[in-house]
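A quick write-up on the structure given underneath.
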Amino acid sequence: MSDLLDIRVLLRMARRTVTDPQGGARAILDLRLPVPVLWQFFLLQLVISAILKVIVFTFFPTPEVELGPSAAVSFTIIEAAVGAILALATYHIGRLFGGQGTFAGALALIVWLQFILLCVNVVQLFVMMILPPASDVITLFALALFFWLLAQFIAVLHGFTSMGRVFLGIVLSLLALAFVFNILLALLGVRIG
């Protein structure tokens with residue numbers, strides 16, 4: 001477990017996961033990390049993500065919107081909620097469709113997915129310093145990578161064999177969650193747009 005605190009080991013594992021997502025997912029699940037440890041890793045990556053957001057909002061302001069450290073905190077709180085909901089949904093929805101995964105496994109894979117995306121965000125920050133327009137391409141890459149890795153991770157976690165069905169399940173689940181979220185916001189009197 002001490003290897004997980006070595007950034008070089010983590011970066012090698014992340015690179016291997018991007019090239020072999022199912023093998024990477026199995027390696028993470030084989031660690032069998034306890035849930036309290038997973039929550040600590042979850043919080044650690046949120047802190048690092050918040051620091052990155054503060055740097056981006058401070059040094060790369062957008063003319064349309066004034067963003068500062070408080071916006072970075074708000075975005076990080078949203079990121080925390082999305083990560084927790086994603087872990088719960090990955091576990092419960094997968095089990096609903098006959099999956100065999102555990103919540104600890106779902107949380108481990110979501111934390112790992114967030115770490116990989118955090119690495120992409122660091123690369124994007126350096127690209128923004130050198131060639132700002134190219135950072136949009138990295139955003140699209142990160143979105144595609146998110147869906148690709150999530151589908152692969154869910155397949156390994158729950159023992160699903162049809163990637164098409166897993167991907168369809170992700171899309172339908174995200175649409176259903178968005179629908180429920182909009183209803184909750186409407187009940188609370190919050191309007192978007």
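Along the sequence shown, residues carry numbers from 1.
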About how many Å separate [atom2] of [Y] and [atom1] of [X], when rounded to the nearest 0.5 Å?
X    : Y    : atom1 : atom2 : answer
L10  : R15  : CG    : CZ    : 12.0 Å
D136 : Q124 : CG    : CD    : 8.0 Å
I48  : N121 : CD1   : CG    : 11.5 Å
L113 : L118 : CG    : CG    : 11.0 Å
M163 : L168 : CE    : CG    : 12.0 Å
I138 : L145 : CD1   : CG    : 12.0 Å

Among I154, L29, L149, T17, the one residue meeting side-chain contact (heavy atoms from CB on, under 4.5 Å) with L109: L29

Plane angle bin for F147 and F167 - parallel if under 30°, tilted between 30 and 60°, otherwise perpendicular: perpendicular

Parallel, tilted or perpendicular, as decided by the 30° and 60° cut-offs, for the rings of W112 and F115: parallel

Criterion side-chain contact (heavy atoms from CB on, under 4.5 Å) on V166 and L150, from CA distance to verdict: CA-CA 9 Å; V166 170; L150 183 61; over 6 Å; no

Mind checking whether [X] and [Y] sit in one hydrophobic cluster, side chains of I, L, V, M, F, W, Y counted as touching below 4.5 Å?
X    : Y    : result
F153 : L172 : no
V82  : L107 : no
L175 : L143 : yes
L117 : V137 : no
M129 : I55  : yes

Measure the shortest side-chain to side-chain distance between [X] and [Y] over non-hydrogen atoms and say whether it is less than 4.5 angstrom.
X    : Y    : value
R8   : M13  : no
Q45  : E79  : yes
F42  : Q114 : yes
F103 : T90  : no
L33  : F41  : yes
L11  : I7   : yes
V122 : F126 : yes

Nearest heavy-atom neighbours spanning [X] and [Y]:
X    : Y    : result
A142 : V120 : CB-CG1, 3.9 Å
L38  : A104 : CD1-O, 3.3 Å
L46  : A80  : CD1-CB, 3.4 Å
I110 : A87  : CG1-CA, 3.7 Å
S135 : M128 : CB-CG, 3.4 Å
G94  : H158 : CA-NE2, 3.4 Å

Verdict with supporting geometry, W39 and V111, side-chain contact (heavy atoms from CB on, under 4.5 Å): CA-CA 8 Å; W39 283 120; V111 168; over 6 Å; no

Short side-chain to backbone donor-acceptor contact, Q100 and G98, under 3.5 Å: yes

N/O donor-acceptor pair under 3.5 Å between R95 side chain and G101 backbone: yes

Test side-chain contact (heavy atoms from CB on, under 4.5 Å) applied to I51 and V47, step by step: CA-CA 6 Å; I51 292 168; V47 169; 4.2 Å; yes

